[in-house]
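Residue numbering restarts at 1 for every chain, and letters A, B, ... go by the order of the sequence lines.
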Protein chains: 4
Amino acid sequence: MTSFSLDPRDDLPLYAQLARQLREAVTAGRWPAGRPLPSVRTLVGLLKVNPQTVLRAYRELEEEGLVEPRQGQGTFVRTEAVEAAAEARRRELLEDIERLARQARDLGVPEEVIVQAVRKEKGES
Amino acid sequence: MTSFSLDPRDDLPLYAQLARQLREAVTAGRWPAGRPLPSVRTLVGLLKVNPQTVLRAYRELEEEGLVEPRQGQGTFVRTEAVEAAAEARRRELLEDIERLARQARDLGVPEEVIVQAVRKEKGES
Amino acid sequence: MTSFSLDPRDDLPLYAQLARQLREAVTAGRWPAGRPLPSVRTLVGLLKVNPQTVLRAYRELEEEGLVEPRQGQGTFVRTEAVEAAAEARRRELLEDIERLARQARDLGVPEEVIVQAVRKEKGES
Amino acid sequence: MTSFSLDPRDDLPLYAQLARQLREAVTAGRWPAGRPLPSVRTLVGLLKVNPQTVLRAYRELEEEGLVEPRQGQGTFVRTEAVEAAAEARRRELLEDIERLARQARDLGVPEEVIVQAVRKEKGES
DNA sequence: GTGGTCTAGACCACG
DNA sequence: GTGGTCTAGACCACC
């Protein structure tokens, strides 16, 4: 149900793109605790990249404490960490939005136009 | 009146940090057409960086058409390009804000909290 | 009376954790010669691990000569091997302590503080 | 003045062996802040290993906050972090010694023999 | 089957 | 010169 896509032309390294997508999937609550994430080999096959690239993405998540690998079984979500990560992400997003909004205002964008942008997606779900 | 600061630990390369700060200064209307931007030598002295770093930042701005070097006189703002650049920046900011707002909503942040963030800085200018 | 606990996140593989705990139990004189160690099936049930994991731990102990399986009866401690194993373990512990103490001293820990640590547990047994 | 040695037969992966040695050198105060650590290529030449192996060791130290790489310049010690790391290491060593001492005592080693081991190296400096 | 390590070597971006 | 990324593929340990 969850799909991944990598773009070699992106500024972000492939492993970081993959890590980001995995992080979002995990944070959003897909991949319940009992089911392992897709195996390294599976992703290698799907994404046509080197095992190292996938491994590095998984290592990233592991270092963040989001996920734990178990020898011979696969990589599993550490549910305790998920909500904390989501909360951190929310704070970070709000700060970023604040900062960008300030920049936009400084460049003369009327506040209501910015608010409009924030509300824009509302009707599209 | 305009100062620059570089952080070697930032993800952005030094030259890009500098280019960004110069770009913002120019876009915001500092450095009127008659006054040259600081010389490479000056910035090298101020920022304690490699001349290549400063040169590359200036080259960036030049390629964007924002500034033009004049032999023996220094580097000057191309006023006709400033408004176009500012407009492009505004569009970019609004798109970024939209994208981040969507992500925040997906993580369960109520829309009004996001709008709040956008309005937050109102009284602080 | 003897319980085992495995931590999948530990650096040590599960089978090694189990082997270590069994080894310590045997060396410490629990499991007298007449009583068999818990069966593979029992441990699998208790620890919720793969039978291979338990088998490998038992194989380890067997190869060290500490225990011997008897067809249809279970796995028994080889009492004559226990004292030799304990002695080896003692030597190993002293070497480790020596090594760590040297490292601590190199980092500036006063020798008396280290001695203190060694004596610390005295009254707690 | 500082030399490194890797043993492929060791249980520890090569990158971890190297990371440990670098960590100790940094913690012990060699490699003052102004001088970069040996470059990846230098160590590759010295140790006859793959660049990836060296890189992974350096990445480890970076993630611990001990060291920071600067593009095009080399890898530098973060002096602020060194003392904190040394203190953490001291605590860890004392805990390990305590634990091992307890085990030794449980196996019947007289406390004075353990204390002797701790003091053993005294006259060798 | 799973994840983990290592090699040999190319290519890029930065200063 | 520096560090960073990626590839293609081998080998190992664990469950």
Side-chain angles (χ1 to χ4, degrees), chain A residues 6 8-18 36-44 47-59 61-62 67-76, chain B residues 6 8 10-19 44 47-57, chain C residues 6 8 10-19 44 47-57 60, chain D residues 6 8-18 36-44 47-59 62 67-76:
Chain A
L6 303 183
R9 288 163 311 181
D10 196 304
D11 296 327
L12 250 69
L14 297 181
Y15 80 87
Q17 294 180 43
L18 178 53
L37 293 162
S39 81
V40 173
R41 284 161 178 80
T42 302
L43 285 179
V44 165
L47 301 169
K48 314 286 187 189
V49 293
N50 189 287
Q52 297 285 358
T53 305
V54 177
L55 266 167
R56 171 121 189 224
Y58 271 21
R59 185 144 30 90
L61 294 203
E62 185 192 347
V67 121
E68 65 182 343
R70 297 190 205 143
Q71 270 290 17
Q73 302 189 57
T75 300
F76 295 81
Chain B
L6 303 184
D10 196 299
D11 302 322
L12 254 70
L14 296 181
Y15 83 88
Q17 293 181 44
L18 179 54
V44 166
L47 301 170
K48 317 279 188 189
V49 293
N50 192 303
Q52 297 287 351
T53 305
V54 178
L55 274 168
R56 175 136 185 207
Chain C
L6 301 185
D10 196 300
D11 301 323
L12 253 70
L14 296 181
Y15 82 88
Q17 292 182 45
L18 178 54
V44 165
L47 301 169
K48 317 279 190 190
V49 292
N50 192 303
Q52 296 286 350
T53 305
V54 177
L55 274 169
R56 174 134 185 210
E60 197 111 311
Chain D
L6 303 183
R9 288 163 310 181
D10 196 304
D11 296 328
L12 250 71
L14 296 181
Y15 81 87
Q17 294 181 43
L18 179 54
L37 292 162
S39 82
V40 173
R41 284 161 178 79
T42 302
L43 284 179
V44 165
L47 301 170
K48 314 285 186 191
V49 293
N50 190 287
Q52 297 284 0
T53 306
V54 177
L55 266 168
R56 172 124 189 222
Y58 271 23
R59 185 145 30 90
E62 185 192 347
V67 122
E68 65 182 344
R70 296 188 205 145
Q71 269 288 15
Q73 303 188 56
T75 300
F76 295 81

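With rounding to whole Å, Tyr58(D) atom OH is found 7 Å from dG3(F) atom P. Residue Leu6(B) contributes atom CG, which lies 14 Å from atom P of dC14(E) at whole-angstrom precision. With rounding to whole Å, Leu47(D) atom CG is found 14 Å from dA8(E) atom P. With rounding to whole Å, Gln17(C) atom CD is found 12 Å from dC14(F) atom P. Distance CG (Leu12(C)) to C1' (dC15(F)): 15 Å, rounded to an integer number of Å. Glu68(A) has its CD atom 12 Å from the P atom of dG4(E), to the nearest Å. The distance from atom CG of Asp11(C) to atom P of dC14(F) is 12 Å, rounded to the nearest whole Å. Between Leu18(D) atom CG and dT7(E) atom C1' the separation is 16 Å, expressed in whole Å.
Looking at every heavy atom in both residues, Val40(A) comes nearest to Pro51(A) through CG1-O, 4.1 Å. Closest heavy-atom contact between Gln17(C) and Leu12(C): NE2-O, 2.9 Å. Pro8(B) and Arg70(D) get closest at one heavy-atom pair: CB-CD, 4.3 Å. Considering all non-hydrogen atoms of both residues, Tyr15(C) and Ala57(C) come closest at O-CB, 3.5 Å.
Both Lys48(D) and Gln52(B) lie close to DNA chain E; mapped to their nearest nucleotides by heavy-atom distance, the more 5′-ward contact belongs to Lys48(D). When the nearest nucleotides of DNA chain F are assigned to Ala16(C) and Gly72(D) by heavy-atom distance, the more 5′-ward of the two goes with Gly72(D). In this structure, Gln71(D) and Pro51(D) both approach DNA chain E, and ranking their closest nucleotides by distance from the 5' end singles out Pro51(D).
Side-chain N/O atoms of Thr53(A) include none lying less than 4.0 angstrom from OP1 or OP2 on dT5(F). Within the 4.0 Å cut-off from OP1 or OP2 of dT2(E), not a single side-chain nitrogen or oxygen of Thr75(A) is found.
Here the nucleotide nearest the side chain of Val49(D), chosen from dT2(E), dT7(E), dT7(F), is dT7(E). Distances from the side chain of Leu14(C) to the nucleotides dC15(F), dG15(E), dT2(E) place dC15(F) closest. Listed nucleotides: dG3(F), dG15(E), dA8(F). Nearest to the side chain of Asn50(A): dA8(F). Candidate nucleotides dC14(E), dG4(F), dC14(F) were compared by shortest atom distance to the side chain of Pro13(B), and dC14(E) ranks first. When distances are taken from the side chain of Val40(D) to each of dT5(E), dG15(E), dG3(F), the shortest belongs to dG3(F). The side chain of Tyr15(B) approaches dG15(E) more closely than any other nucleotide in the set dT5(E), dG15(E), dG3(F). Of the candidate nucleotides dG3(F), dT2(E), dC15(F), dT2(E) has the atom nearest to the side chain of Arg41(A). Set against dG3(E), dG15(E), dT2(F), the side chain of Ser39(D) has dT2(F) as its closest nucleotide.
Within the 4.0 angstrom heavy-atom criterion, base atoms lie near Leu55(D). Contacts of Arg56(B) with the nucleic acid, taken as non-hydrogen atoms under 4.0 Å apart, involve only primed sugar atoms and P, OP1 or OP2.
In the interface, the side chain of Arg70(A) is not paired with the base of dG3(E) through any donor and acceptor atom under 3.5 Å apart.
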Check the pair Thr53(A), Leu18(A) against side chain to side chain contact (heavy atoms under 4.5 Å, CB included), reporting the backbone distance first and the verdict last.
CA-CA 9 Å; Thr53(A) 305; Leu18(A) 178 53; 5.7 Å; no
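Here Tyr58(D) pairs with nothing under the side-chain hydrogen bond (donor to acceptor under 3.5 Å, both in side chains) rule; sequence neighbours left out.
Between Glu62(A) and Pro69(A) there is a side-chain heavy-atom pair separated by less than 4.5 Å. Using a 4.5 Å heavy-atom threshold, the side chains of Val49(A) and Leu6(A) count as touching.
To the nearest 0.5 Å, atom NZ of residue Lys48(D) and atom CG of residue Leu14(D) are 15.0 Å apart.
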Given Watson-Crick and G-U pairs under 3.5 Å, DNA chain E in dot-bracket ([ ] crossing, | other strand) is ||||||||||||||.
